[in-house]
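Here's the structure we're looking at; comments come further down.
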Amino acid sequence: QVQLVESGGGSVEVGHSLRLSCAAQGVTFSNHTMAWFRTTPGKEREFVMAIRWSHPDPFSSLAVKGRFIISRNSAKNTVYLQLNSLKPEDTGVYYCAAGGGGISPCRSYYDYWGQGTQVTVSS
């Protein structure tokens, strides 16, 4: 059974940082792409970043490029999302997702989802 559990969300002020974690169980990381999505107020769930286990270069949305960093720890079966220089528009629920071995910003590409973790950025 696949289970993705996010943690690390919280409330911070503008310009501060957070690190989100996604602990995966039942997923063979070498065969899956791991991604982060978010749902912000008034918007549908949108792609943030993704990383393939077989390729070190991440794939990033323009909204977070240069500010967020995705990384992985194979030994811990965990994917991280470092959120830097946070802005109020980054406020939302962040979801971890696992999909096939390719890479895509589309929600439908990902088969497994976590329950989400809330990030709130105040000015």
Side-chain angles (χ1 to χ4, degrees):
Q1 183 178 356
V2 176
Q3 187 174 16
L4 305 178
V5 179
E6 303 98 333
S7 61
S11 297
V12 297
E13 295 183 347
V14 169
H16 286 214
S17 300
L18 281 173
R19 189 177 81 156
L20 308 182
S21 300
C22 172
Q25 298 178 357
V27 173
T28 304
F29 269 18
S30 60
N31 296 332
H32 286 83
T33 292
M34 301 300 296
W36 287 93
F37 285 75
R38 67 183 182 186
T39 303
T40 57
K43 294 184 178 180
E44 295 185 354
R45 193 171 301 188
E46 63 176 357
F47 172 79
V48 178
M49 295 192 79
I51 187 168
R52 288 172 290 181
W53 227 249
S54 60
H55 197 282
D57 294 338
F59 185 48
S60 175
S61 71
L62 291 176
V64 306
K65 195 169 187 177
R67 297 190 298 124
F68 292 5
I69 301 169
I70 190 170
S71 62
R72 65 201 184 209
N73 185 320
S74 302
K76 295 184 177 181
N77 243 29
T78 300
V79 175
Y80 304 97
L81 186 67
Q82 178 70 36
L83 288 64
N84 298 320
S85 301
L86 282 163
K87 305 175 181 180
E89 52 263 43
D90 294 318
T91 294
V93 180
Y94 285 70
Y95 299 89
C96 177
I103 201 158
S104 173
C106 298
R107 288 176 293 174
S108 59
Y109 184 79
Y110 298 89
D111 302 312
Y112 307 106
W113 294 83
Q115 82 290 348
T117 185
Q118 176 71 43
V119 171
T120 303
V121 185
S122 59
S123 56

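Using modelled atom types, no side-chain atom of T120 and backbone atom of T91 make a donor-acceptor pair closer than 3.5 Å. A distance-only check finds a donor-acceptor pair linking the side chain of R72 to the backbone of R52 [under 3.5 Å].
Note that OG1 of T117 is 10.5 Å distant from OH of Y94, once rounded to the nearest 0.5 Å. Note that the CD atom of E46 and the CZ atom of R107 stand 10.0 Å from one another [nearest 0.5 Å].
Judged as a side chain to side chain contact (heavy atoms under 4.5 Å, CB included), and not counting sequence neighbours, the contacts of S61 are F47, A63, V64.
For R45 and Y95, the positive end sits near the middle of the six-membered ring, less than 6.0 Å away and at most 45° from its axis.
When all heavy atoms of P58 and M49 are compared, the closest pair comes out as CB-CE, 4.1 Å. The two residues Q118 and G92 make their nearest non-hydrogen contact at NE2-O, 3.4 Å. For I103 against Y109, the heavy-atom pair with the smallest separation is N-OH, 3.9 Å.
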message: The test is side-chain contact (heavy atoms from CB on, under 4.5 Å); show your working for F37 and Y110 and say whether it passes.
response: CA-CA 11 Å; F37 285 75; Y110 298 89; 3.7 Å; yes

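No option in I70, I69, N73 other than N73 meets the side-chain contact (heavy atoms from CB on, under 4.5 Å) test with Y80.
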Show every donor-acceptor pair shorter than 3.5 Å between a side-chain atom in residues 13-27 and any protein atom, with sequence neighbours excluded, or say none if there are none.
{"residue": "S17", "atom": "OG", "partner": "N84", "partner atom": "OD1", "Å": "3.0"}

